[in-house]
Amino acid sequence: MGDQKQEQRSSPGKDSLTQNCGQKIDESSNLSPRKEKNDHLGLGNFKRALSWKIKPDVESGDHVVEKRTVLRSSRSLLNSFRKVVEKEADRSQKPSSGPQMRQQVSSETEALKEEESEADSFNKTPPARTGDSQREKQRTPSKLCSPTQNQRGRKLSADSTSSCPGKEDDSVLGLANFKRAFLRMSKREGSPGGQEAEESGSRRKSSRFLRPFRKNEEEVTNRLPRLLKGSQGSSEEEPLEIKMEVEEEKPVSDLIAERQLLKAFSQLYQREASLVEDQHSGRFKDDVTAYARQAMDICVHYDVMAAEIRNIVGETLSQPSVDSEALLGMAQLIEKEEEVHPGGLSDSDILSAPRKWRLLWKEAVKKSALDEVGKVGQGMSEPSLASLLANLGRVVKKDLVKIRREVQPCYPEDFPVWKTYVDAFHGAVSARLQELLQEAQGFEQLYVVMDWVANVYCSKDFLGSLDLELDVTTMPKLLAPEVWEKLESDYTKFLETKINSCFDSILKLELDRWAEREGPALLQGLYHSPISIDIHMLVGEHVNTARAISLGLEATTLQILEQSLNEFIPRFEEKFLDSDTAKDQTLFLPYLCAYITAFQELKTNLPAKFLSSFKNVETTLSEVISGFKKQMLIHLHRETQVLFRDVGSKAWVTSDKLHPIMEKTVTFAQHLKHLVQPHSQECLQEIHCYVIREYVAHVLRPRERLRGADRVASAQKMSQEADAIDSTFHSLGSEASWLGLVIPCISDILGETYKEDIRKHIETLIKGYPDIRQEHVAAILALRKLGRRRNQLLLRHAQALLKKAPKTLPGQGLFEEIDVPASVEVLLTCI
């Protein structure tokens with residue numbers, strides 16, 4: 001009965017062992033690499049083997065724990081497994097080749113089959129104890145693979161045992177050893193002898209056997225194992241199991257990939273500190289390569305973390321949303337690294353040296369800003385420089401607003417996020433502008449860049465916006481001083497060419513007007529030419545645009561304008577006088593008046609508007625205006641010179657030769673009414689003086705000698721014409737009243753019957769016209785025919801008066817341009 005009950009207990013135990021072995025083999029194929037490693041060490045299988053010895057009572061359903069059997073089984077199990085471990089150590093020193101490994105696996109498989117068959121027969125007929133030791137020696141393989149070799153050769157073992165269904169993973173070293181141990185144990189259970197002797201040392205041997213395995217597990221996992229209670233069996237013959245799981249730390253690379261940067265840095269720093277401590281303690285004194293390899297591994301992980309910092313910063317602006325957790329973790333990582341890696345260490349030590357991640361972060365911010373600025377213009381087909389700069393402003397402002405509102409709150413308060421990003425975008429925009437300047441061509445593009453830098457960049461539409469709350473007064477210059485100076489120099493060169501081109505356009509417009517044979521229009525009663533407006537617009541536009549850039553550029557622009565205007569005005573005068581309009585009597589005088597008016601307006605307003613400039617232009621304009629007025633007199637002289645020829649002749653005495661002269665003069669003077677003051681009055685007085693001078697000159701140089709009645713008649717004629725000339729010019733508005741005395745004085749000398757009174761008339765003439773010379777007095781006396789002695793006395797008296805006469809007043813010279821005939825000089829020589 002005892003044997004039958006023992007067979008009944010052993011049979012279910014064997015079945016459950018076989019079934020559980022099958023289940024465990026299947027489960028081992030799905031283990032992770034780390035759990036497989038523990039199985040190779042045999043610790044996991046050993047735990048499961050212990051759990052299998054807790055056998056349920058099939059009939060009653062209660063658990064019946066056979067303490068003695070467990071003790072006996074554990075003793076034999078530990079003895080056999082210790083032998084296996086010792087032979088594994090020998091075998092690890094001499095790794096076997098592929099064929100040898102297959103031969104060992106096949107020998108293990110055959111031994112397992114023999115053990116199972118013997119176990120079955122042993123359940124029926126228990127063997128003697130003396131034969132167990134010999135069979136154990138025969139069944140134990142002579143050579144065993146090491147755990148590392150068994151792990152590498154698992155595929156070969158599985159292939160070699162594929163012919164035995166249900167045992168494809170029996171080649172795994174730990175599971176096979178445990179199975180053999182249990183089979184041996186089951187044979188020894190039926191042997192009554194020696195159990196008490198074996199029981200005494202089982203606990204001591206098992207504790208000594210478990211010690212290296214526990215140490216091994218701690219070295220692999222670096223953490224204390226956590227025992228988890230297994231769930232109870234769901235039904236029937238499935239036993240209760242106690243599962244052991246080890247909560248393991250994630251690798252640093254996985255933590256970095258998941259952006260758990262602080263946790264990754266904590267683990268990495270622990271490894272670094274431990275490695276530094278080991279190196280200082282001399283552990284790597286004989287193995288420098290191992291230290292270098294581990295240090296390099298740590299440095300590589302630090303480089304990976306640095307690359308992740310770059311990625312986080314790069315994604316901040318490139319992605320529509322902001323990863324606040326990643327930014328905060330990155331900032332805390334930088335501060336933590338600076339805390340544990342203070343400066344002042346030797347650069348030769350690759351460990352514990354500062355990683356300078358704050359500088360790396362700043363460089364990443366700069367690169368991010370450069371990338372954002374560099375994207376501007378992409379996808380645009382031949383964008384203009386103005387549109388490109390407008391888009392640049394919009395992109396930069398949008399990014400800065402995002403940084404201000406979304407990015408900055410993600411960082412710690414003491415982190416210089418805003419200043420760093422502003423400086424980065426400032427530098428990126430500066431670099432982009434310098435690239436654009438290299439491609440800029442022409443005056444307009446250079447000015448667009450200068451205007452954008454000076455007026456747009458810091459305006460309320462950009463950096464000065466209320467959304468940014470940025471103090472633009474403290475920001476550095478967008479372009480370096482040398483770059484700005486070169487830009488201004490290039491701009492002034494183009495500006496000089498541009499201004500000269502504008503003056504050429506103005507001249508071309510005037511040439512077109514002349515070609516149309518249309519006179520100038522009247523504006524407020526004056527002849528008007530748009531040339532003054534064109535010049536004012538040209539000067540004002542360039543000065544204002546230059547002033548908007550800088551005061552220095554304004555001064556340079558004024559110098560260029562003054563020089564160009566100084567060259568343009570004489571060139572314009574020459575072009576006008578050489579044109580066909582100057583030959584047309586109906587167009588010449590109106591255009592002269594129009595241009596005198598225009599240039600007078602420029603002469604008055606340009607120096608008044610630009611106080612320190614256009615001084616030379618004022619002088620040039622005065623010269624041109626004076627030249628235009630002379631041209632008017634020349635024109636009148638050409639018209640009236642022929643009519644003055646008969647003055648002083650006998651025909652003149654008997655006919656009206658003055659009327660056609662005055663008619664021409666009045667027609668000419670009518671244009672002066674549309675000339676700006678004071679030039680209108682000056683021109684009228686000059687015409688008045690011209691008529692009187694020409695009249696007197698022809699009287700003093702008569703074509704015929706007048707005697708007796710003809711002389712008296714000529715005196716009367718002169719008196720009448722003097723009144724006509726004076727009244728005519730008075731009606732025209734001439735204010736040169738001093739010109740009305742000369743003709744009446746000469747008329748009185750010629751018609752005076754009392755010769756003593758001629759002396760008084762000479763005194764009046766010299767007093768009224770101090771510029772008269774002695775030869776002029778002699779020419780007048782020659783017309784009177786007073787005789788040599790009387791003429792001599794009158795000339796001496798006139799000479800004395802001329803010596804005492806005051807200097808000629810400006811603009812009142814009359815006789816200085818009158819030439820006397822040669823006969824008068826002869827007369828003076830004779831006297």
Side-chain angles (χ1 to χ4, degrees), residues 31-38 217-226 228 245-278 293-343 350-368 371 402-403 406-417 420-421:
L31 290 175
S32 64
R34 295 182 183 87
K35 293 184 178 181
E36 284 182 3
K37 190 171 183 180
N38 290 334
E217 184 179 12
E218 289 175 3
E219 290 179 356
V220 172
T221 61
N222 292 324
R223 294 178 64 90
L224 292 175
R226 182 178 62 187
L228 300 176
E245 294 181 0
V246 178
E247 183 183 356
E248 298 179 351
E249 291 182 341
K250 291 184 179 180
V252 176
S253 58
D254 292 349
L255 293 174
I256 297 174
E258 296 173 3
R259 290 190 172 174
Q260 300 183 30
L261 300 181
L262 277 176
K263 193 171 183 180
F265 180 75
S266 178
Q267 292 188 23
L268 198 59
Y269 178 67
Q270 290 178 6
R271 289 175 54 187
E272 180 185 24
S274 176
L275 184 61
V276 170
E277 183 179 355
D278 291 344
R293 184 172 58 253
Q294 296 183 41
M296 186 59 66
D297 180 67
I298 293 174
C299 292
V300 168
H301 281 84
Y302 277 141
D303 293 341
V304 174
M305 297 181 76
E308 194 63 28
I309 292 176
R310 294 190 190 94
N311 294 336
I312 293 173
V313 175
E315 294 173 1
T316 302
L317 296 179
S318 61
Q319 299 296 331
S321 60
V322 176
D323 191 349
S324 58
E325 294 182 0
L327 292 176
L328 178 60
M330 177 188 66
Q332 293 174 348
L333 171 67
I334 293 173
E335 293 177 344
K336 186 67 177 177
E337 189 276 332
E338 291 176 342
E339 179 183 350
V340 301
H341 290 154
I350 61 176
L351 295 179
S352 301
R355 299 295 163 178
K356 300 179 180 179
W357 282 347
R358 186 178 294 269
L359 180 61
L360 174 70
W361 172 76
K362 291 182 179 180
E363 294 297 328
V365 169
K366 290 181 181 179
K367 185 180 183 303
S368 176
D371 293 341
K402 180 179 179 181
I403 293 165
E406 301 179 25
V407 178
Q408 188 179 9
C410 299
Y411 285 81
E413 293 183 359
D414 58 344
F415 219 82
V417 182
T420 303
Y421 269 101

**Item:** CA sep, side-chain torsions, deciding dist, call: Val340, Phe265, side chain to side chain contact (heavy atoms under 4.5 Å, CB included)
**Value:** CA-CA 11 Å; Val340 301; Phe265 180 75; 3.4 Å; yes
**Request:** Mind running side chain to side chain contact (heavy atoms under 4.5 Å, CB included) on Leu317 and Ser368 for me, showing each step along the way?
**Result:** CA-CA 7 Å; Leu317 296 179; Ser368 176; 3.5 Å; yes
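The CG atom of Leu268 sits 11.0 Å away from atom CD of Glu337, with the distance rounded to the nearest 0.5 Å. The distance from the CG atom of Leu262 to the NZ atom of Lys336 is 8.5 Å, given to the nearest 0.5 Å. Ser253 contributes atom OG, which lies 9.5 Å from atom CD of Glu258 (distance to the nearest 0.5 angstrom). One finds the CG atom of Asp278 at 8.0 Å from the CD atom of Gln294 (value rounded to the nearest 0.5 Å).
Partners of Lys367 by side-chain contact (heavy atoms from CB on, under 4.5 Å), not counting sequence neighbours, listed by chain and number: Asp371. Taking Arg358 as the reference, Glu338 meet the side chain to side chain donor-acceptor pair (under 3.5 Å) condition, with sequence neighbours excluded. Tyr411 pairs by the side chain to side chain donor-acceptor pair (under 3.5 Å) definition with Trp361, not counting sequence neighbours. Partners of Glu335 under the side chain to side chain donor-acceptor pair (under 3.5 Å) rule, at least two apart in sequence or in another chain, do not exist in this structure.
At least one side-chain heavy atom of Val322 sits under 4.5 Å from a side-chain heavy atom of Lys402. Under the 4.5 Å side-chain criterion, counting only non-hydrogen atoms from C-beta, Val276 is in contact with Ser352. Side chains of Cys410 and Thr316 form no contact here, defined as non-hydrogen atoms less than 4.5 Å apart. Between Lys366 and Glu363, the closest side-chain pair of non-hydrogen atoms falls below 4.5 Å. Counting only heavy atoms from C-beta outward, the side chains of Phe415 and Ile334 approach each other to under 4.5 Å.
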All N/O donor-acceptor pairs, side-chain side in residues 301-312, below 3.5 Å, sequence neighbours left out:
{"residue": "His301", "atom": "ND1", "partner": "Asp297", "partner atom": "O", "Å": "2.8"}
{"residue": "Tyr302", "atom": "OH", "partner": "Glu272", "partner atom": "OE1", "Å": "2.6"}
{"residue": "Glu308", "atom": "OE2", "partner": "Arg259", "partner atom": "NE", "Å": "2.6"}
{"residue": "Glu308", "atom": "OE2", "partner": "Arg259", "partner atom": "NH2", "Å": "3.3"}
{"residue": "Asn311", "atom": "ND2", "partner": "Ala307", "partner atom": "O", "Å": "3.3"}

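The stretch residues 318-332 participates, sequence neighbours left out, in no side-chain hydrogen bond (donor to acceptor under 3.5 Å, both in side chains) pair at all.
Nearest heavy-atom pair, Cys299 versus Leu351, reported as atom, atom and distance to 0.1 Å: SG-CD2, 4.5 Å.
For the pair Ser274 (side chain) and Gln270 (backbone), a donor-acceptor distance under 3.5 Å is absent.
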